[in-house]
Peer 1: 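Just dropping this structure here.
Quick note on labels: first sequence line is chain A, next is B, and so on, each numbered from 1.
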Protein chains: 2
Amino acid sequence: MVKISDVARESGTSPATVSRVLNKNDRVDPELVRRVVSAADRLGYRPNALARNLRRQRTSLWLLIISDIEDSFFTSVARGVEDVAQRNGFSVVLCNADEDESKEMQYVELAASELAAGVILSPHSARTHVERLASSSIPLVLIDRSLSTPVDFVTSDSRGGARAATEHLLQQGWRRPACITGPRSAETAELRRAGYEDALEAAGIRTKRIVHEPFHIDGGRTGAAQLLDRGKPPDALFVANSALAMGALEELWSRGLRPGSDIGLITFDDVPWARFTDPPISVVAQPAYQVGARAAQMLVERINGSLQGKPRKIVLETELVVRASSRRALPPADRGASAGKTAIKGAHLAVADTSRT
Amino acid sequence: MVKISDVARESGTSPATVSRVLNKNDRVDPELVRRVVSAADRLGYRPNALARNLRRQRTSLWLLIISDIEDSFFTSVARGVEDVAQRNGFSVVLCNADEDESKEMQYVELAASELAAGVILSPHSARTHVERLASSSIPLVLIDRSLSTPVDFVTSDSRGGARAATEHLLQQGWRRPACITGPRSAETAELRRAGYEDALEAAGIRTKRIVHEPFHIDGGRTGAAQLLDRGKPPDALFVANSALAMGALEELWSRGLRPGSDIGLITFDDVPWARFTDPPISVVAQPAYQVGARAAQMLVERINGSLQGKPRKIVLETELVVRASSRRALPPADRGASAGKTAIKGAHLAVADTSRT
DNA sequence: ATGAAAGCGCTAACAC
DNA sequence: GTGTTAGCGCTTTCAT
């Protein structure tokens, strides 16, 4: 391994000068710069980040800890984070906590012990993480789900989106809606349930029909099965995320129930394949890329100190995308090729500000 | 920041002993262990990984550099890698190169300068990466795509899978197949095209009908459009990955062409939603999790030295999953609920060994 | 503008 | 079995 002292010797100068040249800090004599650069080049010198980090007591690495790498919401978030990070000279590495609290903790520990420049986290629960990072004074921005502790936070309006989705179902003439949501420990699950209930209450519907399941495909399957096996089964489903939606869809399919004709269906998250299902699925679209980008922007500002004071909270608007699965009126004849094209897109929610701080 | 010397003082011993206790290496007096542990606990001591890494000249971090985080093939690979890494005491961070060579280079550089314990990479092209890592003697395992330089490598049998898929189309009675594959620079794209051609040649079909497009949804759209606009359009499509498949599906949809009845369709990669499309899509399934797990296993063995000598190559079998989109016989009446259930699964390929070394 | 020197926190020889 | 000590490669005062 060729080190800085080798370059110094080769260029007939001192380690200090080489360091200065490499970090293009001070005004060094142009002639020396030339000599150092050429020497470094000739020797194939590569700075050792480990030594630099230890000396500087900081890195330029961000950890983005997400709860499920197979959820397209989070992969879109990741792209938003990466774009902003790159523009600001940070590298992002992704950590998949996999909805597992101990893995999450492990990655938080990694961030702390490796002195990450910043962390963006979608917390499973537990505020211990926050304290751990705070004690190492590593800036943290939460996404998707908040914690009781006040921390910078970016999310989208789950409750408003859920309410709009449910109201849409009711407007379409579905009369016995039900809700498949995530576990009580997940904030987004509870908010989406609450939005669903908001709509029911506003419409004077007393029977709630709610099931809580893990945010996985199996949860969607068993949740749908439970609801459909009841004495008075629902005629429409509001499903709180895309993994649950896949399970629910599978269950409907296996019972020969066709969304749009036999049962109404609307779900959270505009996954890329929602247009290709039979029939296309109506969704509440979250601005996932923006969630990531805004979170990254906040992190940059915390790191460089331009954002100070108490934590900010940003809530982004969702968008209702109406396709065939939620429309009651759709006649069976109108299936197939035309179904994809007739999808209405863009009914913006009336609820909530674009972003409040 | 509380450091090892603080713990030493607090427990009335030396830094060396504290270090030994923390790394549970030597046989230290149980009484001392107790005192050290309790002192560390009391002071809230956290080891500084930066210092440790610098001293040891190694880390326990793996970089997994993938070409597209939104491709479910790679997210499944990631889970395979993570499971094996965790069992062996390594942390995995994911880097999304986004099919961008300069980003990929950047992450390789990160791995080298941070002295990663190992790297798993799906290379976009360029063998410079390999040399860079080799010069820092960081073990590397390639996945999905190989390079001209010999390096440990795990993939699945693209060519065999493509051939089997195409043969299946022909057996179903489709007569004018076409192929939408990726760019010529992508090895998997070329192998799948080759497998497609193998089947055509074996069947004595002379007209190849092949288009090369970027591995993105737009590529699928324009690729399909090009083929369908020809004087003699194809009556069946073999599509080389899932992003392309989405675009192709969109194009078919917009022209009112229904897979299975109007046109045959089979694609690479068993994405979770392939069962939910209209109609369900036949696919060549890659053992993505296994690709990741096997690659990780090789990396472990390279790191601990139990695997030595020249690079190994592992080629895993693919699986043909036949659903409705490729079956010509499917009568229009058999749509809807039953279509998902009647899917045949499991026709194993006759080609290739399970894994050769 | 440049160099000398200290030291970031830890581990691994080496001595006892 | 435990302590002493040197030093990983770099940056950054502090002199000059």
Peer 1: Looking at the side chain of Arg27(B), which of dG7(D), dG1(D), dG9(D) is the nearest nucleotide?
Peer 2: dG1(D)

Peer 1: Counting heavy atoms from C-beta on, name the nucleotide in dG9(C), dA1(C), dT11(D) closest to the side chain of Asp29(A).
Peer 2: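 The nucleotide sitting nearest to the side chain is dA1(C).
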
Peer 1: Do Asp152(A) and Leu142(A) have side chains that approach each other closer than 4.5 Å (heavy atoms only, starting at C-beta)?
Peer 2: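 No, their side chains stay 4.5 Å or more apart.
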
Peer 1: Measure the angle between the two terminal helix axes of the helix from dA1(C)-dT16(D) to dC16(C)-dG1(D), five base pairs each, and quote it to 10°.
Peer 2: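 That helix gives 40° between its end axes.
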
Peer 1: Rounded to the nearest Å, what distance is computed from the CE atom of residue Met1(B) to the P atom of nucleotide dG9(C)?
Peer 2: 6 Å

Peer 1: Which whole-number value in Å describes the distance from Glu114(A) CD to dG9(C) C1'?
Peer 2: 13 Å

Peer 1: Report yes if a side-chain nitrogen or oxygen of Ser14(B) is closer than 4.0 Å to either non-bridging phosphate oxygen (OP1 or OP2) of dT4(D); otherwise report no.
Peer 2: no

Peer 1: Measure the distance from CG on Asn53(B) to C1' on dG9(D) and round it to the nearest whole Å.
Peer 2: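 Rounded to the whole Å, the gap is 13 Å.
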
Peer 1: Does the side chain of Gln106(B) come under 3.5 Å of the side chain of Gln86(A) through a donor N or O and an acceptor N or O?
Peer 2: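 There is such a pair (donor and acceptor under 3.5 Å, judged by atom type) between the side chains of Gln106(B) and Gln86(A).
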
Peer 1: Specify the separation, in whole Å, of atom CG of Leu50(A) and atom C1' of dT11(D).
Peer 2: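 Those two atoms, CG and C1', are 15 Å apart.
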
Peer 1: Taking NZ from Lys24(A) and P from dT11(D), how many angstroms apart are they, rounded to a whole number?
Peer 2: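 Computing the Lys24(A):NZ to dT11(D):P distance gives 12 Å.
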
Peer 1: Has Arg52(B) got a side-chain N or O lying under 4.0 Å from the OP1 or OP2 atom of dT11(C)?
Peer 2: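 For dT11(C), OP1 or OP2 has a side-chain N or O of Arg52(B) closer than 4.0 Å.
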
Peer 1: Considering heavy-atom distances to DNA chain D, does Thr17(B) or Arg58(A) have its closest nucleotide positioned more toward the 5' end?
Peer 2: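 Of the two residues, Thr17(B) wins.
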
Peer 1: Send over the distance from Lys3(A) NZ to dG7(D) P, rounded to a whole Å.
Peer 2: 10 Å

Peer 1: Of all the nucleotides listed (dC10(C), dC8(C), dT2(C)), which has the minimum atom distance to the side chain of Ile4(B)?
Peer 2: dC10(C)

Peer 1: Would you tell me whether Thr59(A) and Glu114(A) have side-chain atoms, one donor and one acceptor, within less than 3.5 Å of each other?
Peer 2: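 Short answer, no.
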
Peer 1: When you get a sec, tell me which of dG3(D), dC10(C), dG9(D) is the closest nucleotide to the side chain of Arg20(B)?
Peer 2: dG3(D)

Peer 1: Going by atom types alone, do Asp83(B) and Tyr289(B) pair a side-chain donor with an acceptor below 3.5 Å?
Peer 2: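 Tyr289(B) and Asp83(B) do have a side-chain donor-acceptor pair below 3.5 Å.
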
Peer 1: Taking only side-chain N and O atoms of Asn23(A), does any of them lie within less than 4.0 angstrom of OP1 or OP2 on dT11(D)?
Peer 2: yes

Peer 1: For dG3(C), does OP1 or OP2 lie under 4.0 Å from any side-chain N or O of Thr13(A)?
Peer 2: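 Checking Thr13(A) against dG3(C): at least one side-chain N or O falls below 4.0 Å of OP1 or OP2.
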
Peer 1: Could you check whether Leu32(A) gets within reach of a base, just the sugar-phosphate, or nothing at all, counting any heavy atom under 4.0 Å?
Peer 2: sugar-phosphate

Peer 1: Of all residues at least two apart in sequence or in a different chain, which pass the ring-ring contact (aromatic ring centres under 6.0 Å, His included) check with Phe90(B)?
Peer 2: Trp62(B)

Peer 1: Using whole Å, what does the distance between atom C1' of nucleotide dG9(C) and atom CZ of Arg9(B) come to?
Peer 2: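 The answer, rounded to whole Å, is 14 Å.
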
Peer 1: With a 4.0 Å cutoff (strictly under), does any side-chain N or O of Gln57(A) reach OP1 or OP2 of dG9(C)?
Peer 2: yes

Peer 1: Does a side-chain heavy-atom distance below 4.5 Å link Pro123(A) with Glu104(A)?
Peer 2: yes

Peer 1: State whether Arg79(B) and Glu82(B) are salt-bridged, where the test is any N-O pair (Lys NZ or Arg NE/NH1/NH2 against Asp/Glu carboxylate O) under 4.0 Å.
Peer 2: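 The answer is no: the pair does not qualify as a salt bridge.
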
Peer 1: In whole Å, what is the span from the CZ atom of Arg56(B) to the P atom of dG9(C)?
Peer 2: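 That distance rounds to 17 Å.
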
Peer 1: Check this for me, if you would: do Lys3(B) and Asp6(B) make a salt bridge, where the nitrogen-to-carboxylate-oxygen distance has to be below 4.0 angstrom?
Peer 2: no

Peer 1: From C-beta outward on Ser19(A), which listed nucleotide comes closest to its side chain: dT12(D), dG9(C), dA1(C)?
Peer 2: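 Taking heavy atoms from C-beta onward, the closest nucleotide is dT12(D).
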
